[in-house]
There are 2 protein chains.
Amino acid sequence: MRQFKKQARVILIDDNYDHLAGVRELLSMERSFDVVAATTSANQGINLVKKHKPDVVLMDMNMPEMNGLQAIQEIEELGLDTKILALSAYDDADLIFRAMKLGAKGYVLKTMAAPQLIGAIEEVANGKVYMPPILTARFFDYFQKSFKEEKIAQQKAQDSNYLSDLTPREEEVLDLLTQGITYKGVAQQLFISETTVKTHVNNIFQKLQVSDRTQAVLYAINNGFLNRKKLKKMMNKE
Amino acid sequence: MRQFKKQARVILIDDNYDHLAGVRELLSMERSFDVVAATTSANQGINLVKKHKPDVVLMDMNMPEMNGLQAIQEIEELGLDTKILALSAYDDADLIFRAMKLGAKGYVLKTMAAPQLIGAIEEVANGKVYMPPILTARFFDYFQKSFKEEKIAQQKAQDSNYLSDLTPREEEVLDLLTQGITYKGVAQQLFISETTVKTHVNNIFQKLQVSDRTQAVLYAINNGFLNRKKLKKMMNKE
DNA sequence: ACCGATGTAGACCAAAAGATTAACAAACGG
DNA sequence: CCGTTTGTTAATCTTTTGGTCTACATCGGT
């Protein structure tokens with residue numbers, strides 16, 4: 001059955017003419033591919049994609065006029081089911097990460113052997129994701145590092161903040177403040193007098209070392225007060 | 001040289017005793033591994049990790065008492081350079097994603113053939129990331145889907161918000177408001193009178209359909225006003 | 001039984017915020 | 001050239017907010 005499958009229609013975009021020609025030559029010898037267009041210009045490439053709606057685009061990342069990431073983004077925004085295989089001379093983790101984030105279905109290096117490249121395009125044409133093991137490792141290193149940093153930053157914010165000084169009641173009041181509710185509204189929701197709300201709010205200001213509600217709300221947001229609330233809810237559920 | 005390398009010290013944590021015993025048996029035949037401990041309890045496993053500080057932990061994901069993700073998190077928080085290889089019977093994309101996010105150095109399936117498993121542990125012991133191609137594909141699908149959804153949500157927020165109705169000057173004022181600055185302060189920073197600031201703020205309220213500064217700030221934050229500012233800065237730079 | 005923390009509340013005052021109306025100049029678009 | 005948008009300012013007024021001080025009830029721990 002499989003040998004009767006339609007040829008995968010491919011467009012090549014690579015500002016290096018020699019490499020472009022080389023890949024075109026290579027693919028022309030494979031009967032499973034039909035290179036419908038090839039260009040050294042990213043802008044022109046995007047137009048060709050619009051016109052031909054190919055199955056696969058082999059997209060160089062390092063182009064002068066337009067960055068390959070932008071090109072990927074624009075093609076993805078067309079909403080076609082064209083699969084993009086990113087191509088680069090370098091194994092830059094950040095570039096790989098961002099290309100995949102934008103929806104690239106794979107990432108290959110120019111240094112890869114021809115059979116591997118063919119294989120990669122085939123995989124992608126068949127709707128799979130292709131990533132060589134070396135890049136997978138790079139990707140995950142970067143992926144984990146970025147999450148670790150995010151976590152450390154959050155941790156730091158949690159540790160050195162005054163939110164933990166608040167009493168339960170004050171937390172309730174702050175919660176309502178972060179919803180943009182006035183004294184009167186808070187008083188009604190908590191069934192207490194407006195004066196009491198004011199007292200609480202004043203205490204909150206002192207504890208958070210701010211001088212008005214807007215700053216208090218900003219402080220709460222910047223220091224993960226909202227996240228904390230969600231966590232507490234989750235804890236109670238489980 | 002390589003054959004003189006120290007054995008990798010491994011701890012196995014798997015609530016299925018049969019599988020645990022099987023893997024232990026398998027690894028005992030490999031001279032490159034030294035299984036220093038094995039347990040069916042996640043809690044006990046964590047204590048064993050603290051005690052032995054192994055090179056690699058093979059961690060089952062589906063355990064009754066404690067979720068494998070929590071166990072990974074706790075071990076990672078110890079700050080050792082113990083590498084965790086996650087192990088599961090199922091190829092659940094969300095689980096894979098979260099395990100890697102928490103710092104797992106690889107993910108293997110219980111259905112994998114013995115030589116593959118050996119290879120995976122070796123890779124991880126050598127500081128590399130190991131992920132079988134099938135799971136790589138699953139991972140990236142999930143990864144891209146989650147970013148796509150995020151983007152769509154942002155897009156939606158961008159489209160149906162009133163922030164784009166603001167004039168440049170009003171944006172400047174709102175920017176300062178989101179920093180918790182008073183009328184007087186804004187007036188000083190923009191070299192205009194306090195009255196003018198009030199006029200701008202009033203216009204902002206009407207355009208954003210809110211009735212006080214706190215709500216305006218919350219609206220701005222929830223609708224990506226701060227992100228937009230960053231984007232504009234980036235545009236100017238490049 | 002006392003003390004401290006918490007939650008409640010009132011009075012009073014000052015400052016800031018917000019609403020409304022009116023006005024004028026500059027820039028921009030048709 | 002004229003109308004609209006934008007940015008500016010003033011005067012006035014009401015509402016809300018924030019600060020301070022005092023007071024009382026409750027609860028938990030020493």
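From a predicted model like this one, the values you see are computed outputs, not experimental measurements. Residue numbers start from 1 in every chain, and the chains themselves are labelled A, B, ... in the order their sequence lines are given, proteins ahead of strands.
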Can you build the contact string for nucleotides 25-30 of chain C? Use B for base contact, S for sugar-phosphate-only contact, and - for no protein heavy atom under 4.0 Å.
------
Quickly work out the A/Asn203 CG to C/dG7 P distance and round it to whole Å.
9 Å
Would you give me the side-chain donor-acceptor pairs under 3.5 Å for residues 205-212 of chain A, sequence neighbours excluded?
from	atom 1	to	atom 2	distance (Å)
A/Lys207	NZ	A/Asp165	O	3.1
A/Lys207	NZ	A/Glu170	OE1	2.9
A/Gln209	OE1	A/Tyr162	OH	3.2
A/Asp212	OD1	A/Thr214	N	3.1
A/Asp212	OD1	A/Gln215	N	3.0

Looking at residues at least two apart in the chain, or sitting in another chain, which of them share a salt bridge (charged side-chain N to carboxylate O under 4.0 Å, His left out) with A/Asp141?
none
Quick one: list whatever passes side-chain contact (heavy atoms from CB on, under 4.5 Å) with A/Glu77, sequence neighbours left out.
A/Gln73, B/Lys151
List for me each residue that meets salt bridge (charged side-chain N to carboxylate O under 4.0 Å, His left out) alongside A/Glu150, sequence neighbours excluded, and say none if there are none.
none
Walk along nucleotides 10-21 of chain D from 5' to 3' and tag each nucleotide B, S or - by protein heavy-atom contact under 4.0 Å, base first, then sugar-phosphate.
B-----SBBBB-
Correct closest heavy-atom pair for A/Ala42 and A/Ile13 would be CA-CG2, 4.0 Å
At how many degrees, to 10°, do the end axes of the helix from C/dA1-D/dT30 to C/dG30-D/dC1 meet when each uses five pairs?
50°
Run the salt bridge (charged side-chain N to carboxylate O under 4.0 Å, His left out) test against B/Asp55 and tell me which residues pass, sequence neighbours left out.
none
Donor-acceptor contacts under 3.5 Å from residues 96-109 of chain A side chains, at least two apart:
from	atom 1	to	atom 2	distance (Å)
A/Arg98	NH1	A/Asp94	OD2	3.0
A/Lys105	NZ	A/Gly103	O	3.1

In whole angstroms, the gap separating P of C/dG7 from CG of A/Leu190 amounts to 11 Å
Taking atom P of C/dG18 as reference, at what distance in whole Å does atom CD1 of B/Ile204 sit?
11 Å
Kindly write out the residues that satisfy salt bridge (charged side-chain N to carboxylate O under 4.0 Å, His left out) with B/Arg138, not counting sequence neighbours, or none if the list is empty.
B/Asp91
Just to verify, what does B/Ser193 make a side-chain contact (heavy atoms from CB on, under 4.5 Å) with, not counting sequence neighbours?
B/Thr195, B/Thr196
Rounded to whole Å, how long is the line connecting atom CD of B/Gln215 with atom C1' of C/dA17?
13 Å
Among A/Ile11, A/Leu69, A/Leu12, A/Ile84, exactly one meets side-chain contact (heavy atoms from CB on, under 4.5 Å) together with A/Met59. Which residue is that?
A/Ile84
Report the residues that fulfil ring-ring contact (aromatic ring centres under 6.0 Å, His included) with A/Phe147, sequence neighbours left out, ordered by chain and then residue number.
A/Phe143
It should be established whether A/His200 places a side-chain nitrogen or oxygen under 4.0 Å from OP1 or OP2 of nucleotide C/dT8.
yes
What integer distance in Å separates B/Leu176:CG from C/dA17:P?
13 Å
Rounded to the Å, how far apart are B/Phe191 CZ and D/dG7 C1'?
17 Å
